[in-house]
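Order of listing sets the numbers, starting from 1, for every ligand and every atom in it. Since the structure is predicted, the reported quantities are computational estimates derived from the model, not experimental observations.
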Amino acid sequence: MTVPLFDTKTPLAPLRDALNAKAAEVLEAGRYILGPEVAAFERELAERLGAPHLLGVANGTDALVLALRALGVGPGDDVVVPSFTFYASAEAIAVIGANPVFCDVDPEHFCVTADTVRAALTPNTKVVMVVHLFGNIAPVDEIAALGVPVLEDAAQAIGSRTADGRHAGALSVAGTFSFFPSKNLGAFGDGGAIATADAALAEQLAMLRFHGSRDKVSFELVGHNSRLDELQAALLRLELPHLDAWCDGRRAAAAHYADAGLGELAGLPVPVAGCDPAWHLYVIRHPRAEELGAALSAGGIGNKGYYRRPLHRQAAMRPWSDVELPGTDEAAHTHLAIPMSPVLTREQAGEVVAAVRNADLD
Ligand SMILES: Cc1ncc(COP(=O)(O)O)c(C=O)c1O
């Protein structure tokens with residue numbers, strides 16, 4: 001039996017007819033930019049997250065760029081960011097002329113901690129960008145207590161909750177999301193959003209995504225053209241009521257892995273204290289992760305080492321690479337994503353665990 005790393009198609013199959021009908025309806029209506037579907041999606045997602053304001057934008061990378069700018073980050077400012085994340089987290093800082101200051105992660109749960117952030121703070125730190133990696137939730141409250149505004153990159157964590165029922169991406173002054181097709185809530189193209197509790201910030205963001213204008217007549221800021229489009233919003237609205245069930249499917253898949261004895265063979269994903277992750281990626285730890293990945297691939301089991309070369313070791317980040325991050329280096333070496341989806345069955349999990357056992361790398 002082969003088991004793919006993702007399965008985006010099966011969960012959407014029951015919605016296929018409704019999605020097709022909705023797409024036809026939007027094309028027929030002929031309203032494509034900032035129309036009623038975007039406004040309704042923004043309201044519905046904001047309500048679900050418990051976020052007072054939410055704005056759709058073109059993708060999760062732009063969401064970070066706009067949020068940083070709205071928070072007042074500009075050339076020469078420092079922004080603390082983990083090195084163990086997708087490139088976009090740091091790229092969004094560098095592209096506006098600010099400095100990514102790379103901080104370490106805990107190699108057990110792959111997120112930043114208050115200690116790793118504290119060690120990276122400088123007198124010029126304007127914002128701390130935490131990344132809720134793989135669906136885990138970084139300890140936002142502890143980090144916010146350090147006294148610097150926290151921006152949450154929740155691209156991988158929509159649907160993850162804290163123990164007291166709050167939502168990833170709505171725990172700080174602003175949080176960003178990606179609707180890249182493989183994400184927990186995936187569009188049929190690019191899409192993103194920014195949630196915020198701050199009305200003034202929301203007003204700023206609404207202008208920044210629209211050429212720095214309120215009406216396309218007067219231009220108050222040098223902005224961007226970065227909108228979630230009407231078609232994506234309409235389709236995402238049909239998916240949104242299913243997000244909780246899909247996230248529960250991901251939690252059930254994690255339980256299947258544990259029940260099948262994966263924990264005897266590799267380090268299971270560790271939730272950050274006090275959080276209930278909707279695992280976007282199911283990332284195990286193994287001292288010989290790359291060899292394990294090769295053995296799984298040979299047996300038809302999807303797998304991937306996402307961040308083998310962390311950001312402080314990437315060519316474009318050379319100006320900010322003079323930093324020692326032992327936790328990051330360990331995570332880069334030991335992590336391996338194995339199949340995860342809302343519909344991963346007990347049998348499939350058993351198959352994956354058998355393949356890990358047969359790899360016999362202990
Ligand atoms: C942690 C993280 N941040 C930001 C992004 C950027 O999102 P997008 O691809 O929608 O621009 C991603 C997407 O892969 C991500 O995983």
- Are a donor atom and an acceptor atom from the side chains of Ser226 and Asp62 found within less than 3.5 Å of each other?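 Yes, Asp62 and Ser226 have a side-chain donor paired with an acceptor closer than 3.5 Å.
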- Task: Return yes when Gly192 approaches ligand 1 closer than 4.0 angstrom through a heavy atom, no otherwise.
- Result: no
- Message: For Phe179, does the six-membered ring have the charged nitrogen or CZ of Lys183 within the cation-pi criterion, i.e. under 6.0 angstrom from the centroid and within 45° of the normal?
- Response: no
Starting from [atom], find the nearest protein heavy-atom neighbour and note its residue, name and distance.
{"atom": "atom 11 (O) of ligand 1", "value": "Thr61 OG1, 2.5 Å"}
{"atom": "atom 1 (C) of ligand 1", "value": "Asp153 OD2, 3.5 Å"}
{"atom": "atom 16 (O) of ligand 1", "value": "Gln156 NE2, 2.9 Å"}
{"atom": "atom 8 (P) of ligand 1", "value": "Gly60 N, 3.4 Å"}
{"atom": "atom 15 (C) of ligand 1", "value": "Ala155 CB, 3.6 Å"}
{"atom": "atom 13 (C) of ligand 1", "value": "Lys183 NZ, 3.0 Å"}

- Task: List the steps and the verdict of salt bridge (Lys or Arg N to Asp or Glu O under 4.0 Å) for Arg357 and Glu264.
- Result: CA-CA 9 Å; Arg357 187 170 279 116; Glu264 296 150 23; 3.7 Å; yes
- Minimum-distance pair of heavy atoms, taken over all atoms of Leu311 and Phe86: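 Closest approach of Leu311 to Phe86, heavy atoms only: CD1-O, 3.8 Å.
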- Query: Heavy atom under 4.0 Å from ligand 1: found in Thr85's side chain, backbone, both, or neither?
  - Reply: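 For Thr85, only side-chain atoms sit under 4.0 Å from ligand 1.
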- Asp78/Lys126 salt bridge by N-O under 4.0 Å criterion: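 Looking at Lys126 and Asp78, the cut-off is not met.
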- His335 vs Phe84 aromatic rings, parallel, tilted or perpendicular, using cut-offs 30° and 60°? perpendicular
- Message: Going by the closest heavy atom to atom 7 (O) of ligand 1, which one wins out of Ala58, Pro181, Ser178?
- Response: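 Checking each option, the heavy atom nearest atom 7 (O) of ligand 1 is found in Ser178.
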- Item | Atoms in ligand 1 with a heavy atom of Ala88 nearer than 4.0 Å | 4 (C), 5 (C), 6 (C)
- Item | Derivation and outcome, side chain to side chain donor-acceptor pair (under 3.5 Å), residues Trp320 and Asn99 | CA-CA 7 Å; Trp320 307 285; Asn99 300 308; 3.0 Å; yes
